[in-house]
Amino acid sequence: QQQQQQQQLPSHQLCMKPQSSSQSSEASVPRHVAFICDGNSRWAQARYLPSSVGHAAGADRLLNCLESLKTAGVQCCTMYG
């Protein structure tokens, strides 16, 4: 069920589109990225799920993004929420 819920996340919530080799210069990687976490409860409510499920799905997505950002060389991340 959790895997099915993750597949339902909108594509705009996916993190870090792959860069082509011509775009992968170090200068294009920001030092700091900030997240404003909003919409997890609305996402869950739209699926008739408790808010806690939306928050868990958002947290999982955020962790995936943080791993991608670390791999890309981002030095600092801030989460507001």
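All values below were derived from every heavy atom in this structure, side-chain atoms included, with hydrogens, water molecules and symmetry-related copies excluded.
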(message) Under 4.5 Å side-chain heavy-atom separation, chaining through any Ile, Leu, Val, Met, Phe, Trp or Tyr, what else clusters with I36? Say none if it is isolated.
(response) Y80
(request) Heavy atoms only: give me the nearest R31-V74 pair and the separation to one decimal. (result) O-CG1, 3.6 Å
(message) To check you understand the geometry: which heavy-atom pair defines the closest contact between T78 and H32, and what is its length?
(response) OG1-NE2, 2.6 Å
(message) Using every non-hydrogen atom in the two residues, find where G58 and N40 come nearest and quote the distance to one decimal.
(response) CA-OD1, 3.5 Å
For a quick test of your reading: what N or O donor-acceptor pairs under 3.5 Å do the side chains of residues 49-57 make, sequence neighbours left out?
unit_1	atom_1	unit_2	atom_2	d
H55	NE2	S41	OG	3.1

(request) Measure the SG-CG distance between C77 and L69 for me, rounded to the nearest 0.5 Å. (result) 4.5 Å
(message) Among residues at least two apart in sequence or on other chains, which ones pass side chain to side chain contact (heavy atoms under 4.5 Å, CB included) with Y48?
(response) none
(request) Nearest 0.5 Å please: distance from the CZ atom of F35 over to the CZ atom of R61. (result) 11.5 Å
(message) Once rounded to the nearest 0.5 Å, what's the spacing between atom SG of C65 and atom CG of D60?
(response) 11.0 Å
